[in-house]
Amino acid sequence: MAKKQKNDRIIIFDTTLRDGEQSPGATMTIEEKILIAEVLDSMGVDIIEAGFAIASEGDFAAVNAIAKRTKEASVCSLARAKSADIERAAEAVKPAKKPRVHTFISTSDIHIQYQLNSTRNVVLEQIADSVKLARKLCDDVEWSGMDASRSDPDFLMKAIEIAIKNGATTVNIPDTVGYTLPHQFYDLITRIKNTVPNIDKAIISVHCHNDLGLATANSLAAIQAGARQIECTINGLGERAGNTSLEEVVMAIKTRSDALKFNTDIDTTQIMRASRLVSSVTGFAVQNNKAIVGANAFAHESGIHQDGMLKNANTYEIMSPESVGWTRSKLVMGKHSGRHAFKDKLKELGFNLGDNSFEDAFNRFKTLADKKKHVFDDDILALIDDRVMQGGTIPYQFIALEVSCGSKTKAKAALELKVNGKKQQVISSGDGPVDATFNAIKKLIPFQPQLELYQVHAVTGGTDAQAEVTVRLSLDGRIVNGNAADTDTLVASARAYLNAVNRIATIEAKVKPEKAALNS
């Protein structure tokens, strides 16, 4: 096989922490963002778009913290074509080993007229000024023409030329509303390559949305036409129908190397680890038939398929489960397993916990092992995800729950919590055991959130399987997710609800001083 040339390498730009977080309900805490960024860095993502620094103090703090901790990847912050945005973004990423500022402005006529209330000439001036400022503050500058796929091609070419002339090192061509078709996107990237006079001074990037289910196809068409950076997210997370899926484009390039003469630096064996983490943090479950990371991606039920698999796995699998981090190991841990074995298992699953977190996780594992006959990798992942995501002080801690219910009696829940360090007990009733449990929690918290989503699924098979519960709450326009797992569905439900409540409490603790300062 001929040695691949350097220009065959595709840069993977992950925007899970920025565009992915813009999915309604996908808001993440700083601790969760740091955890995801560490996984992205470990798996070989080239650029991590850590957030929109100007959006809030929390966003700035998250971008800044990730910039300080990331070891290999570039750390990027998004900024509108405004001085304050760009200055804030540059400040946030400054501690990074490889900082990047990503500034954007709309280039389609419909956006210019109705969103910006502006003109083409003004937009071109803003591109020049914003990119020039960004380059003054940061050596690595990316410029995006929002809604590029619906822009007038001649105007788009001019905009790209001006961006590069003023210092853009990467020019991003977004299919912002998921409108274009693969052959059209190929033609657009080809035209940019052949028309923009200074295009050789910048890398062409693409950012595709999945409104028509074509994000991956469009991204692959773009790199075949000359683009060398793909912007994507774990699990395809993102606004509306989501973004290009990192796992899909990376595995398409790896699996179809015969047709796609490219490579990436992604360690594909960490894909499942990243997928599970993002799903757990956001509460967005991965559909069973999702490519690469869905529960059925490597499952075979058809007799014909099973027969083929038994004879040769290549008959129905074009990639191995192990290549993306699926594990086929069965029972490997139990109640007799010690700390060393548990630490090795965590390392195998991609976790490296601090001493306190490890002890907490180990104790929960031993408790689980006493309840379950068989402890699988997914069981361990569920209990780790349940605790690792909770950083800092937890004001509402679960202690115990007893529920009585049935067809002839109204459900009652007796709940014991530790509220800011003090034990409190309460009894409440409801329309079923879950409602009674949630009503009991509401009696012990100072705010009354609205339940937007309650979702349960079994982590593994069997009647002793852990139930993994996702709860989505809203309060004053803010939406948060809570997740937990336990062999008792009601206990998992209570823990998940409390997980969400603790996130609300953390937000409220930050918002109240800000409101007080504004009103003083």
Side-chain angles (χ1 to χ4, degrees), residues 10-15 18-20 22-23 47 49 78 80-81 102-116 118-120 123-124 126-127 130-131 142-164 168 170-196 198-199 202-233 236-246 248-249 252 260:
I10 301 301
I11 299 165
I12 298 299
F13 177 114
D14 185 277
T15 184
R18 199 277 300 170
D19 201 330
Q22 290 176 203
S23 302
I47 300 146
E49 189 164 52
L78 189 66
R80 293 167 296 183
H102 180 190
T103 183
F104 73 97
I105 193 169
S106 293
T107 54
S108 69
D109 288 332
I110 190 170
H111 277 214
I112 293 172
Q113 180 179 352
Y114 293 104
Q115 186 172 27
L116 300 180
S118 187
T119 66
R120 287 184 176 186
V123 166
L124 293 177
Q126 287 178 291
I127 292 171
S130 59
V131 174
E142 177 172 338
W143 172 82
S144 287
M146 189 159 70
D147 205 23
S149 60
R150 293 196 297 170
S151 300
D152 174 73
D154 290 334
F155 178 70
L156 180 62
M157 304 303 142
K158 186 64 176 176
I160 294 170
E161 181 183 354
I162 289 174
I164 297 172
T170 298
V171 289
N172 182 43
I173 315 302
D175 184 27
T176 303
V177 293
Y179 178 75
T180 198
L181 301 177
H183 73 278
Q184 294 174 323
F185 210 42
Y186 179 95
D187 290 343
L188 178 59
I189 301 303
T190 300
R191 184 168 178 175
I192 291 169
K193 286 279 292 183
N194 295 335
T195 305
V196 177
N198 54 358
I199 195 63
I203 292 167
I204 300 176
S205 172
V206 289
H207 179 121
C208 299
H209 278 262
N210 206 38
D211 298 70
L212 294 176
L214 295 171
T216 295
N218 283 330
S219 297
L220 295 177
I223 61 173
Q224 288 176 298
R228 286 297 177 266
Q229 176 176 294
I230 294 177
E231 305 197 357
C232 47
T233 61
L237 195 67
E239 289 190 277
R240 303 184 314 280
N243 289 272
T244 301
S245 166
L246 180 148
E248 290 175 13
V249 291
L260 300 169

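When a residue number appears, it is its place in the shown sequence, counting from 1. Quantities reported herein were computed from a predicted structural model and do not represent experimental measurements.
Listed for the N198 side chain is a donor-acceptor partner under 3.5 Å among the backbone atoms of E161.
Nearest heavy-atom pair across I10 and A227 is CD1-O, 4.1 Å. In terms of heavy-atom proximity, V177 sits nearest to R240 at CA-NH2, 3.4 Å. Heavy atoms only, all atoms of each residue included: N210 and A215 are closest at OD1-N, 3.0 Å. When all heavy atoms are compared, the tightest approach of L188 to A148 is CD2-O, 4.4 Å. Smallest separation of non-hydrogen atoms from E142 and N172: OE2-CB, 3.3 Å. Across all their heavy atoms, L260 and A252 have their closest contact at CD1-O, 3.6 Å.
Considering only heavy atoms from C-beta on, Q115 stays 4.5 Å or farther from D147 through its side chain. Residues I112 and S118 meet the side-chain proximity criterion, which asks for heavy atoms closer than 4.5 Å. Side chains of R120 and D152 form a contact here, defined as non-hydrogen atoms less than 4.5 Å apart. By the 4.5 Å heavy-atom criterion applied to side chains, C232 and I12 are counted as neighbours. Counting heavy atoms from C-beta outward, I173 and I160 have side chains that approach closer than 4.5 Å. In this structure the side chain of I199 reaches within 4.5 angstrom of the side chain of V171, judged on heavy atoms. Residues I105 and W143 meet the side-chain proximity criterion, which asks for heavy atoms closer than 4.5 Å.
Between D187 atom CG and I192 atom CD1 the span is 11.0 Å, to the nearest 0.5 Å. Atom CZ of R80 sits about 11.5 Å away from atom CD of Q126, to the nearest 0.5 Å. Considering NE2 of H102 and OG1 of T15, their distance stands at 8.5 Å, rounded to 0.5 Å. Taking OG1 of T233 as the reference point, atom CG of D14 lies at 7.0 Å (rounded to 0.5 Å). Annotation: the span from M157 atom CE to S151 atom OG amounts to 9.5 Å, rounded to 0.5 Å. With values rounded to the nearest 0.5 angstrom, I189 atom CD1 is found 11.5 Å from N194 atom CG.
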> Can H209 and N243 be said to form a side-chain contact (heavy atoms from CB on, under 4.5 Å), step by step?
Replying inline: CA-CA 4 Å; H209 278 262; N243 289 272; 3.4 Å; yes
> Can you list the steps and then say if T176 with R150 is a side-chain contact (heavy atoms from CB on, under 4.5 Å)?
Replying inline: CA-CA 9 Å; T176 303; R150 293 196 297 170; over 6 Å; no
> After noting the C-alpha distance and the side-chain angles of I223 and I230, does the key distance pass the side-chain contact (heavy atoms from CB on, under 4.5 Å) rule?
Replying inline: CA-CA 8 Å; I223 61 173; I230 294 177; 3.7 Å; yes
> Do V131 and T103 pass the side-chain contact (heavy atoms from CB on, under 4.5 Å) test, and can you show the C-alpha distance, the side-chain angles, and the key distance before you say yes or no?
Replying inline: CA-CA 7 Å; V131 174; T103 183; 4.2 Å; yes
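Checking C208, P174, S205 one by one against E231, the side-chain contact (heavy atoms from CB on, under 4.5 Å) holds for a single residue, S205.
When the shell of 6.0 Å around CZ of F155 is examined, it contains more than 12 heavy atoms from other residues, nucleotides or ligands.
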